[in-house]
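Here, residue 1 is the first one in the sequence, and each next residue gets the next number. Just so it is clear, the model here is predicted, and its values are computed rather than measured.
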Amino acid sequence: MQEIDYRDQSGAARRAVWLASAAPAPSRVGLAGDGTSAEAALRRLRSGESLLYQGDWRNARQLLAALGRRLARRAARPAGSRPDLARLWEAERARRLLEHQVLSGLLVPLEPDLGVPLARAPDLREALLGALGAPPGRPGLLPLREVLGMVGAHEWRRTGVFVPALSGRVHPHWGVFAPVRGDHVDLLARALESFPAQGRIAFDVGTGTGVLAVLLARAGARVVATDAEPRAVACALENAERLGVQGRVEVIRADLFPPGRADLVVMNPPWIPGEAHTPLERAVYDPGGRTLQRFLEGLTGHLLPGGEGWLLISDLAEHLGLRPPGALRAAIARAGLGVRASLEARPSHPRARDSGDPLHLARSREKTLLYRLTASGAGDAARSDTDRSTSETGRRGVGRTASP
């Protein structure tokens, strides 16, 4: 654990352990309190100084909110009917990175047992313990924004996220991406309706909360789920037990594929080729598309004869101009794979309907797709979706594209 030196209000030297996972340790720490204005705090934070709050908990939260309002300048809506969505996206990502860097500079102290020694601070030790794993045994520092994120994650873990396809709740842990965008879950459930999973071996690569592994197990498969993050491995194991499939789901820590081969290999990889700003964003952002490429290139070596790989991915990157049209199909073909069939769904998340979003044009066109990939018939991948597609409207608004 990295230690941070600073001086308290009396000028005495202090030392604390840096406990954050989503922000680097500060190089310069000053003090802020109930008399610090948002404008003054913003100037100091922009200069690279981190601010350790010494005062009232509620005032600290109000200061964080005021800082956020000053930074949340929404991009101007593009003029004309053909906005440069890639440039707008880059501007939005730059704004979000700046917001993360600045707001992560407002710090709160923690006691050795993870108590918050600010006036009117609630007892947050249970939430912080769930996120950090163990008290440091020494004074600590955390960005207030991260503390609030841990509190929110604790509530999600306690109450769970209802997943209609499971008719049950998944309980995400801190730092594990929650299945709030349920389109890929619904697509997998639809695909399993016509796939004989009973008694088959299935891999769920990058399992996260384990929601797809549970679906596969309920369909009768014997599942090996993987994730590179220890938090995700623990989370998936807990959800498999909660949902009664622990006897059919094994969860291991692995960087992509587990050892061996399977009848069905499923992955919902990060769908945006770009840099992640926080550990949690690694579930969404895939620098250079490397994770997707590794999955495609390694899939054949992990399929049993006649097996399939199911790739669940959003096409938002294409609509934003971050991935050229046809690039995914070309990558599939280069990996020696063919597309046996595909399913698609329109997004159901609220941002897809927010006409005030500068990126609404791209989000309104987004689809989530499930590609059924095989090691044979790679020539199918060269066909256009238009040549292959038929559509049907189901109760969940899902269209199906099947091979002739």
Side-chain angles (χ1 to χ4, degrees), residues 2 4 6 18-33 36-53 59-79 83-108 131 141-153 174-175 177 180 270-289 316-317 319-322 349-351 354 356-363:
Q2 187 169 352
I4 306 300
Y6 66 96
W18 183 245
L19 299 173
S21 61
S27 59
R28 183 161 50 101
V29 177
L31 301 181
T36 305
S37 70
E39 287 298 333
L42 187 58
R43 284 195 302 271
R44 293 169 66 187
L45 290 167
R46 282 182 177 275
S47 75
E49 181 184 13
S50 293
L51 304 180
L52 177 59
Y53 202 88
N59 289 342
R61 292 192 61 174
Q62 290 175 2
L63 177 59
L64 182 68
L67 290 168
R69 287 193 295 270
R70 283 160 172 76
L71 291 170
R73 302 284 190 256
R74 298 196 69 167
R77 296 197 62 180
D84 187 338
L85 292 173
R87 184 171 296 177
L88 283 173
W89 175 262
E90 291 171 2
E92 174 65 9
R93 289 296 291 162
R95 186 192 69 79
R96 294 291 294 272
L97 176 59
L98 175 64
E99 178 184 82
H100 170 69
Q101 292 171 335
V102 171
L103 297 186
S104 294
L106 184 61
L107 315 179
V108 292
L141 297 179
L142 262 179
L144 175 55
R145 195 185 198 200
E146 196 161 335
V147 170
L148 297 177
M150 290 176 178
V151 172
W174 162 254
F177 196 76
V180 289
W271 59 94
I272 298 292
E275 297 291 333
H277 297 161
T278 67
L280 189 60
E281 283 194 345
R282 289 199 289 264
V284 179
Y285 295 92
D286 180 14
L316 181 62
H319 298 297
L320 290 171
L322 305 177
H349 57 87
R351 297 192 73 178
D354 181 5
D357 185 340
L359 299 168
H360 175 68
L361 182 62
R363 296 192 195 280

Show the numbers, then the answer: is there a side-chain contact (heavy atoms from CB on, under 4.5 Å) between Trp271 and Asp286?
-> CA-CA 7 Å; Trp271 59 94; Asp286 180 14; over 6 Å; no
side-chain contact (heavy atoms from CB on, under 4.5 Å) between Glu146 and Leu19: does it pass, once the steps are laid out?
-> CA-CA 10 Å; Glu146 196 161 335; Leu19 299 173; over 6 Å; no
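Although no hydrogens or angles enter the test, the distance criterion places a donor-acceptor pair under 3.5 Å between the side chain of Arg44 and the main chain of Leu31. Panel note: side chain His100, backbone Ala22; a donor-acceptor pair is recorded below 3.5 Å. In this structure a side-chain-to-backbone donor-acceptor pair under 3.5 Å is present from Arg93 to Glu275. For the pair Ser104 (side chain) and Gln101 (backbone), a donor-acceptor distance under 3.5 Å is absent.
For the pair Glu281 and Arg96, the salt-bridge criterion is not met [side-chain N within less than 4.0 Å of a carboxylate O]. Between Glu90 and Arg87, none of the side-chain N atoms (NZ, or NE/NH1/NH2) sits under 4.0 Å from a carboxylate O, so this pair counts as no salt bridge.
Closest approach of Tyr53 and Ala60 over heavy atoms only: CD2-CB, 3.6 Å. The shortest heavy-atom contact between Ala317 and Ile272 is N-CD1, 4.2 Å. Smallest separation of non-hydrogen atoms from Trp18 and Leu141: CE3-O, 3.8 Å. Ala20 and Ala23 get closest at one heavy-atom pair: CB-O, 4.0 Å. Of all heavy-atom pairs between Arg95 and Ala72, the closest is NH1-CA, 3.5 Å. Considering every non-hydrogen atom in both Leu107 and Ser50, the closest pair reads CD1-CB, 4.0 Å.
Taking CD of Glu99 as the start and CG of Leu71 as the end, the distance is 6.0 Å to the nearest 0.5 Å. Between Leu42 atom CG and Glu39 atom CD the span is 6.0 Å, to the nearest 0.5 Å. Rounding to the nearest 0.5 Å gives a distance of 7.5 Å between CG of Leu322 and CG of Leu316. Here CG of Leu103 is found 5.0 Å from CZ of Arg145. Values are rounded to the nearest 0.5 Å. Leu51 CG to Leu144 CG: the interatomic distance, rounded to the nearest 0.5 Å, is 11.5 Å. Once rounded to the nearest 0.5 Å, the distance linking CG of Leu280 with OH of Tyr285 reads 11.0 Å.
Side-chain atoms of Tyr6 and Pro26, non-hydrogen and from C-beta on, never get closer than 4.5 Å to each other.
The number of heavy atoms from other shown groups lying within 6.0 Å of CZ (Arg28) is above 12.
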